[in-house]
Each structure stands twice: as C-alpha cells, then as structure tokens.
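Whatever order the structure lists them in is the order used to number ligands and atoms, beginning at 1.
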Amino acid sequence: MNVPFVDLKAQYETIREEVNFAIEQVLIESAFIGGRFVREFEDAFAQYLNVAHCIGVGNGTDALFIALRCLGIGPGDEVVTAANSFVATSEAATMAGARVVFVDCEPETYNIAPVKLEEAITPKTKAVIPVHLYGRPADMPTVMDIARRHHLFVIEDAAQAHGAMIADKRVGTFGHAACFSFYPGKNLGACGDAGAVVTNDEKLAQKVRMTANHGRCSKYDHEFEGVNSRMDGLQAAILKVKLTHLEMWTQKRRTLALLYSQLLKDSGLILPMEPSDARHVYHLYVIRIRNRDEVKEKLHQQGISSGIHYPIALPNLAAYGYLGYKPDDFPFATKYSKEILSLPLYAEMSEQQVQYVCEELVKYASPVEERTK
Ligand SMILES: *Cc1c(COP(=O)(O)O)cnc(C)c1O
C-alpha cells in the first residue's frame, strides 16, 4: 500500500468544481491584486476566528515580519521564541532587525515552556512569539500573563493551527496579533504562497495593511516605506472555498489522529498528548522513537512517506551560530530533534492507510528512554 505524507491532489479532487469556478471568477473580473476576492476571504476568515481584523499578505513569514515591524520592534530589541519551530518564526524577528532569543520547549506539548520563557526575559525583550506547533495550542493564558507582567507584545505563530482552540476561543485571538500561513500543505492551504495577520487592534490592522502595500495611503502617496506583500485574488478566492471545508477536514484529521493514538497505545512509543482543555488540529501527528532514521527508511521502503519537523533545533542551525548557543542549552528541543517522526496525516487519508502505517511502524520502532525533567 502506498501512503503519501500529504495528498493535495486527493484534496483537489473533492473540491475541483468549486475551486475551478472560483478561479474563473477571478480571471473574468481580473481581480488579481486586492479587490473583492481578497476582501471576502479576509472577512470570512476573521469571522471564522472571531477576530476584528484580517489582513491578507504574501506568506506566513511576511505576516510575522510585518506584525513585528508594525508593533515597533526593531534593532536593539529582543524577541523570544521557541527553539523548536520552523525557521520562518525566528527569521521574521531578524528581518525586523531584532535579536532572536530561543527558549526550550516543554515535554509532552512541544510548545514553548512558560517558566523558561520568563527566565529569558531581559530589559531588551519586546515581544514573544509562541508557536502553536503541530496544531497544538501553546499555553496562551500563561504566556499572556507573563507578557502582561513584563509589558511584552505577543504575536502568535498560528501557521500550523488554523481552527485550534483553547476552551471555545480560537488560537490567533489571544495575542496582540497572530500570523497564519496558507502554504499549500498547511491545514488551510492556498495554491501557492499566502498568509495573513489577524488582530483586534484597529490601529495595528491599518498599519499592517499599509505596510504590506508599500506604506501606501492612496495610489501614489506613501506615508512611510513598507514592503510588497499582498495576498493575490486567485489565492483568496481558492482559500475562501477551502475555508468552507476546513471544519470537516479538521474533524477528519482529528479522527485519524485519535485512531493512530488508539492503535499505537500499547506500542511504548511516545505519542502526541491529546489536550483535555484545548482542541489540537493535528497539522502534524508527531511521535518519538529511538531509532528514528532507521524507521523512516524502513517505512519508505514499504511505501510510507514520513517527515521530520524539524531535524535540527533552531539554535543548533548554522544560521544561528552567531548567537553562541550550545545544544545543551536546549535539552528537550535538541533531544527531540533526533527522535521525532511525523506520520502521514491528511483529511482524505483512509483508516486502512492509518492501520497499515501502524502495523509497519511497530515492526521497526523501538521506544525512547524517557526522562521527564
Ligand atoms: C509554515 C510556517 C511558517 C511560514 O509560513 P510561509 O507561508 O511558508 O512563509 C511560519 N511558522 C511556522 C511554524 C510554519 O509552520
């Protein structure tokens, strides 16, 4: 049996007519940059999240960079974020001119450890970027509490967590701003690059909108210099169609993830913890095993694609050598980077495929030796 890691073609087949129709409308109206399709998607996504403002931008990385810049973060400032994320999170802080400060994750949730976050705060710290990694909400009540006490801005990196919730509040609505990516493989993905900044702060929303469009206040009048990072009409029209399916896709992801957890519960492998007070949207189903690289190869030989998110913790990347960290500074992120394996998961995957992955996995995988403190 063949099990791809994600199957965007299978997704397209389920919504082909709707998507093709939407694309045609954009072409007929030539609403390529800005225009009603972008506005309609922004309104629909804001409503979905229950947030006042959504500004479509070019991609998720730009969303983070623009949000930071519009909050006044720049040279001389420090931005604290998780040691285990995609490089875009920390890259955005550097793009804004700030210095990145990494903090280790917590065991079990893989999200930023609030205690270590608080320890990392200095007089230069201006902002925190918690990442809802793999689709599991970070501990936002605690992060917001720390931020309030230290007068920090909070920008949520929700690139992997469309539709995730803490109690009945969606992630992306806790911080001063939040950033989403609609990269094709994300839970809500465009047919190319796209991203968004969301916020309840009207002034910030205005500034983000202008910054993403050359600091423009009218056609050739620019109040300040910005960048060119706009969502295009084709992506917006496609995303608006896909948004109407997101809840069903999320439920399917969750059902399949819980099936994995059920089938693997006696395997001795470390499985994702299903939160009791939050909704995990399983952008990725990540397990930990001792012989990760060997298992990945064996699965590959059996037709099963898997992923590693991410094989090198951010502070251990050559790109961050200049920060002078040592791998021991981030014991969990460093250890986990060698053990984590992301299993195939997408809404169109069948239960038989999940079963097959589990059967093959348990043949080869050995449990990790766990230490929890
Ligand atoms: C995908 C991703 C981004 C960046 O989004 P792009 O749209 O690819 O620029 C940022 N942070 C995280 C955690 C991501 O997974």
Between E106 and K116, is the salt bridge (charged side-chain N to carboxylate O under 4.0 Å, His left out) condition met? List the steps.
CA-CA 9 Å; E106 316 180 288; K116 293 176 192 167; over 6 Å; no

Do Q352 and Y356 pair up side chain to side chain, a donor and an acceptor below 3.5 Å, judged on atom types alone?
no

Are side-chain N/O atoms of S261 and Y285 paired as donor and acceptor at under 3.5 Å?
yes

Going by the rule side chain to side chain contact (heavy atoms under 4.5 Å, CB included), which residues pair with D77 if we only count those two or more places apart in sequence or in a different chain?
I73, A98, K126

Return a table of N or O atom pairs, ligand 1 on one side and protein on the other, at distances under 3.5 Å, rounded to 0.1 Å.
from     : atom 1 : to   : atom 2 : distance (Å)
ligand 1 : 5 (O)  : S181 : OG     : 3.2
ligand 1 : 7 (O)  : G60  : N      : 2.8
ligand 1 : 7 (O)  : S181 : OG     : 2.6
ligand 1 : 9 (O)  : G60  : N      : 3.3
ligand 1 : 9 (O)  : T61  : N      : 2.9
ligand 1 : 9 (O)  : T61  : OG1    : 2.5
ligand 1 : 11 (N) : D157 : OD1    : 3.3
ligand 1 : 11 (N) : D157 : OD2    : 2.7
ligand 1 : 15 (O) : Q160 : NE2    : 2.8
ligand 1 : 15 (O) : K186 : NZ     : 3.0

Under the side chain to side chain donor-acceptor pair (under 3.5 Å) test, which residues partner Y325, sequence neighbours left out?
none

Side-chain donor-acceptor distances from residues 317-324 under 3.5 Å, at least two apart:
from : atom 1 : to  : atom 2 : distance (Å)
Y320 : OH     : S90 : OG     : 2.7
Y320 : OH     : E91 : N      : 3.4

